[in-house]
Amino acid sequence: MIKVVSYNMHKGIGLDRRRDPRRIVDVLREIDGDVVALQEADRRFGTKAQVIPHALVEDHSPWHAVSFGHDRASMGWHGNAMLVRKGSTVRAATSLHLPALEPRGAIRADVVVGAAAIRILGMHLDLSGLWRRRQARAILAHIDACPAPLPTVLMGDLNEWTARGGCLHDFGRDYPSVPTGPSFHARRPVGRLDRIMTRGFRVLGCGVHDSALARRASDHLPIWAMLEPL
């Protein structure tokens, strides 16, 4: 069994308007996932440095950050980052340039967790529905071009308010959404902007992590799914 988590951490800024990276790590420790896709993991301006200090992840968490070979100041690529449980093996890691009016990207890692080799894609899609669909098609084309098929998880903040339309229509043909529930806004969740979509897995459980700490740490709540490769 593999627990995956997606979390828009809002650059570490909570509803109290304080930037607190340790609080983000504490929320993730509450969930205790094996693979975590983060969105808005970097600061917005300047060097766009990572919000969670490297030492905080390496020395005070059960994960390490996957390297995607870009600016050392950043944890990932265009605010997308991925954490994997220590002891896991990262076989491949790459970033995806997505078509967009503003800088957008996605990340992909092939990871061995326990004895299972899986493929994980993290993403944060555009506010524009037209560009979201173009981005979805680019992500799907990237997966189709991968050299070997693996059980695959797509997850992140899709910015899609519709129940099945838009980019969900494109993804849903091969990657149905896991019914995690609404995760935005953290104060009163009504929108299912954050999604986990899978192929090649049995879903054993899923949900929104709605703890008291999570309701303060970001404007999104984390979502999770417990998966078993088929």
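Side chains of Val5 and Val35 form no contact here, defined as non-hydrogen atoms less than 4.5 Å apart. Looking at heavy atoms from C-beta onward, Met123 lies out of side-chain contact with Asp157 at the 4.5 angstrom threshold. Between Met9 and Pro21 the shortest side-chain heavy-atom distance does not fall below 4.5 Å. Between Arg216 and Leu213, some side-chain heavy-atom pair lies under the 4.5 Å cut-off. For the pair Arg192/Ser183, no side-chain contact is recorded, criterion being any heavy-atom separation below 4.5 Å from C-beta on. The side-chain heavy atoms of Val112 and Arg91, taken from C-beta on, include a pair separated by under 4.5 Å. Here the side chains of Ile118 and Phe201 are in contact, with some heavy-atom distance below 4.5 Å. The closest side-chain heavy-atom distance from Glu160 to Leu125 is not below 4.5 Å.
Using a cut-off of 4.0 Å between Lys/Arg side-chain N and Asp/Glu carboxylate O, Asp20 and Arg18 are scored as salt-bridged. Using a 4.0 Å cut-off between a side-chain N of Lys or Arg and a carboxylate O of Asp or Glu, Asp34 and Lys86 do not qualify as a salt bridge. Residues Lys11 and Asp219 are not paired through a salt bridge, judged by the lack of any N-O separation under 4.0 Å between the basic side chain and the carboxylate. Here Asp210 pairs with Arg215 in a salt bridge; the nearest charged N to carboxylate O distance falls below 4.0 Å. The existence of a salt bridge linking Arg29 and Asp32 is excluded, since no basic side-chain nitrogen approaches an acidic carboxylate oxygen closer than 4.0 Å.
At a cut-off of 3.5 Å, with distance as the only test, a side-chain donor of Ser6 or Gln39 sits close to an acceptor on the other residue.
In the hydrophobic cluster analysis, where Ile, Leu, Val, Met, Phe, Trp and Tyr join through side-chain heavy atoms closer than 4.5 angstrom, Leu193 is grouped apart from Leu15. Placement of Val153 and Ile143 in two distinct hydrophobic clusters is found when ILVMFWY residues are connected by side-chain heavy-atom separations under 4.5 Å, directly or transitively. Under a hydrophobic clustering in which Ile, Leu, Val, Met, Phe, Trp and Tyr are joined whenever their side-chain heavy atoms come within less than 4.5 Å, directly or via other members, Ile107 and Leu154 fall into different clusters. Residues Ile52 and Val27 are members of one and the same hydrophobic cluster, defined by side-chain heavy-atom contacts under 4.5 angstrom among Ile, Leu, Val, Met, Phe, Trp and Tyr. Under the 4.5 Å side-chain contact rule for hydrophobic residues, Leu83 and Val25 share a cluster.
Listed here is the closest heavy atom pair of Ala93 and Val66: CB-CG1, 3.7 Å. Scanning both residues, Val57 and Ser61, for their nearest heavy atoms gives O-OG, 2.6 Å. Minimum interatomic distance between Glu30 and Ser211 (heavy atoms only, all atoms of both residues): OE1-OG, 2.7 Å. Residue Arg108 comes nearest to Ala92 through the heavy atom pair NH1-CB, 3.9 Å, listed as atom of the first residue, atom of the second, then distance. Looking at every heavy atom in both residues, Ala186 comes nearest to Pro189 through O-CD, 3.9 Å.
Here His60 contributes atom NE2 and Asp26 contributes atom CG; the two are 11.0 Å apart, rounded to the nearest 0.5 Å. A distance of 10.0 Å separates CG in Asn80 from OG in Ser95, rounded to the nearest 0.5 Å. Interatomic distance, Arg195 CZ to Ser177 OG, rounded to the nearest 0.5 Å: 4.5 Å.
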field: Full working for side-chain contact (heavy atoms from CB on, under 4.5 Å) between Leu168 and Leu158
entry: CA-CA 9 Å; Leu168 291 174; Leu158 273 58; 3.7 Å; yes

message: With side-chain contact (heavy atoms from CB on, under 4.5 Å) as the criterion, how do Ile196 and Cys206 come out once you've worked through the C-alpha distance, each side chain's angles and the decisive distance to 0.1 Å?
response: CA-CA 9 Å; Ile196 297 173; Cys206 63; over 6 Å; no

task: Check the pair Trp63, Leu28 against side-chain contact (heavy atoms from CB on, under 4.5 Å), reporting the backbone distance first and the verdict last.
output: CA-CA 10 Å; Trp63 309 283; Leu28 294 176; 3.6 Å; yes

- request: Start with the C-alpha distance between Tyr7 and Ile24, add both sets of side-chain angles, then the distance that settles side-chain contact (heavy atoms from CB on, under 4.5 Å), and finish with yes or no.
  value: CA-CA 9 Å; Tyr7 191 18; Ile24 296 295; 3.8 Å; yes

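Looking only at distances, a side-chain donor or acceptor of Lys3 sits under 3.5 Å from a matching main-chain atom of Ile31. Panel note: side chain Ser218, backbone Asn8; a donor-acceptor pair is recorded below 3.5 Å. A donor-acceptor distance shorter than 3.5 angstrom exists from the side chain of Arg85 to the backbone of Gly33, with no hydrogens or angles considered.
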Name each donor-acceptor pair under 3.5 Å that joins a side chain in residues 220-230 to protein atoms two or more places apart or in another chain, with its distance.
residue: His220; atom: ND1; partner: Asp194; partner atom: OD1; Å: 3.4
residue: His220; atom: ND1; partner: Asp194; partner atom: OD2; Å: 2.8
residue: Glu228; atom: OE1; partner: Arg202; partner atom: NH1; Å: 2.7

Cut-off 3.5 Å, no hydrogens considered: what does the side-chain donor-acceptor table look like for residues 134-141, sequence neighbours left out?
residue: Gln135; atom: OE1; partner: Asp126; partner atom: N; Å: 3.0
residue: Gln135; atom: NE2; partner: Pro99; partner atom: O; Å: 3.1

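Atom CZ of Arg187 is surrounded by 12 or fewer heavy atoms from other residues, nucleotides or ligands within 6.0 Å.
Put simply, the residue from Met75, Gln50, Met82 that forms a side chain to side chain contact (heavy atoms under 4.5 Å, CB included) with Leu38 is Met75.
Applying the ring-ring contact (aromatic ring centres under 6.0 Å, His included) test to residues at least two apart or on different chains, none of the pairs has a partner in residues 120-173.
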